[in-house]
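Everything on this sheet refers to the single structure shown next.
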Amino acid sequence: IVFITMKYTNTEDAATAEQAEVKVFPHTFINDVEVRHYDQEGQLHYQLNTPLIRSFQPQGKASVEDYSLFQTPVFILVNDPKKPGWFVTSQEGRLDSNNEWFTLTQEVVARQTTEKQGEPTITTRELRLNTREQFADTSKAVTMRAAKSQITGTGMHADMKRDRIQLLSNVKGTYEP
């Protein structure tokens with residue numbers, strides 16, 4: 001008697017732990033996606049690029065529990081064409097059925113190139129991002145790095161339209177002139 005066991009894996013078919021628990025399979029696959037959203041004046045407000053979107057309908061039909069998973073999403077947030085935009089990347093993103101907040105996870109990086117600060121960079125494990133309002137927040141540990149400084153803290157509110165970032169607690173920083 002010969003017994004053979006095979007395991008097939010594919011990045012497009014790999015389920016997250018959450019999906020595996022409830023045995024939810026994608027309703028839709030979309031490959032090589034580029035989404036551009038323009039403001040009322042016809043200026044680019046944000047752009048999203050991702051190699052793969054998987055959409056899920058846990059109830060088997062459209063419901064408030066629907067969500068989409070984005071593989072390695074890249075966001076470009078532009079508020080003023082004359083000012084530098086924000087680039088936000090992660091390994092995975094999730095958009096719930098309300099279509100307002102993306103939850104970005106795994107190696108989240110937000111950066112902006114400026115003349116004064118060089119390239120300020122924000123890193124965290126998880127970030128909630130509202131592309132329409134250009135607002136982000138997290139309750140996780142955050143590290144902000146700029147040309148001559150580093151600041152760490154726990155929790156953050158970032159108003160990317162106004163270039164205002166607030167770390168919420170345990171804030172520590174270093175500055176090297």
ask   = Among His157, Arg162, Lys161, which one satisfies side chain to side chain donor-acceptor pair (under 3.5 Å) with Asp159?
value = Arg162
ask   = Sub-3.5 Å donor-acceptor pair from the side chain of Ser97 to the main-chain atoms of Val64, do we have one?
value = yes
ask   = Is there a side-chain contact between Arg132 and His37, using heavy atoms and a 4.5 Å cut-off?
value = yes
request  = Answer yes or no: are there more than 12 heavy-atom neighbours, outside His27 itself, under 6.0 Å from its atom NE2?
outcome  = no
query = Less than 4.5 Å apart, any side-chain heavy atom of Ser90 and any of Val109?
reply = no
task = Using atom types as modelled and distance alone, determine if a side-chain donor or acceptor of Thr103 lies under 3.5 Å from a backbone N or O of Arg128.
result = no
ask   = Can you tell me if Gln134 uses its side chain to pair, donor with acceptor, with the backbone of Val78 under 3.5 Å?
value = yes
inquiry  = Could you check whether any side-chain heavy atom of Asp96 comes within less than 4.5 Å of a side-chain heavy atom of Trp101, counting everything from C-beta outward?
reply    = no
ask   = Any side-chain heavy-atom pair from Gln47 and Glu34 closer than 4.5 angstrom?
value = yes
query = For Thr154, does its backbone N or O pair with a side-chain atom of Ser169 as donor and acceptor, under 3.5 Å?
reply = yes
ask   = Does any N or O in the side chain of Thr123 come within less than 3.5 Å of the main-chain N or O of Thr121, such that one atom is a donor and the other an acceptor?
value = no
Whether Thr138 side chain and Glu126 backbone form a donor-acceptor pair below 3.5 Å = yes
request  = Measure the spacing between OG1 of Thr50 and CZ of Phe75 and express it to the nearest 0.5 Å.
outcome  = 8.0 Å
task = May I ask whether Val88 and Leu69 are part of the same hydrophobic cluster, defined by side-chain heavy atoms of I, L, V, M, F, W, Y residues being less than 4.5 angstrom apart, directly or through others?
result = no
message = When you group the ILVMFWY residues by side-chain heavy-atom contacts below 4.5 Å and let the links chain together, are Val35 and Leu44 in the same group?
response = no
note = The side-chain contact (heavy atoms from CB on, under 4.5 Å) partner of Arg94 among Tyr67, Phe56, Phe70 is Tyr67
inquiry  = I'd like to know if the side chain of Thr152 reaches the main chain of Thr143, judged simply by a donor and an acceptor atom lying under 3.5 Å from each other, with no hydrogens or angles considered.
reply    = no
request  = Identify the two heavy atoms, one from Gln71 and one from Pro51, that lie closest to each other, and give their separation to 0.1 Å.
outcome  = O-CD, 3.0 Å
request  = Would you indicate whether the side-chain heavy atoms of Trp86 and Leu129 approach each other to under 4.5 Å?
outcome  = no
inquiry  = Do Met156 and Thr124 have side chains that approach each other closer than 4.5 Å (heavy atoms only, starting at C-beta)?
reply    = no
message = Before you tell me yes or no, could you show the steps for Lys83 and Asp163 under side-chain contact (heavy atoms from CB on, under 4.5 Å), namely the whole-Å CA-CA distance, both residues' side-chain angles and the distance that decides it to 0.1 Å?
response = CA-CA 10 Å; Lys83 293 171 62 177; Asp163 293 326; 3.7 Å; yes
key: CG on Leu167 to NZ on Lys172, rounded to 0.5 Å   = 13.0 Å
message = Test of understanding: clusters of I, L, V, M, F, W, Y form through side-chain heavy atoms closer than 4.5 Å, transitively. Do Leu104 and Val33 belong to the same one?
response = yes
task = Look at the side-chain heavy atoms of Ile, Leu, Val, Met, Phe, Trp and Tyr, link any pair under 4.5 Å apart, and say whether Val142 and Ile165 land in one connected group.
result = yes
query = Rounded to the nearest 0.5 Å, how far apart are CG of Leu95 and OG of Ser55?
reply = 8.5 Å
inquiry  = Let me confirm one number: the CG-OG distance from Asp66 to Ser68, rounded to the nearest 0.5 Å.
reply    = 8.0 Å
ask   = In Å, rounded to the nearest 0.5 Å, how long is the span from CE of Met144 to CD1 of Ile151?
value = 5.0 Å
request  = Establish whether Leu48 and Phe29 are linked, either directly or via other cluster members, by ILVMFWY side-chain heavy-atom contacts under 4.5 Å.
outcome  = no
message = Closer than 3.5 angstrom, by distance alone: can the side chain of Gln112 be matched with the main-chain N or O of Pro84 as a donor-acceptor pair?
response = yes
Atom pair CD (Glu92) and OG1 (Thr72), whose distance is rounded to the nearest 0.5 Å = 10.0 Å
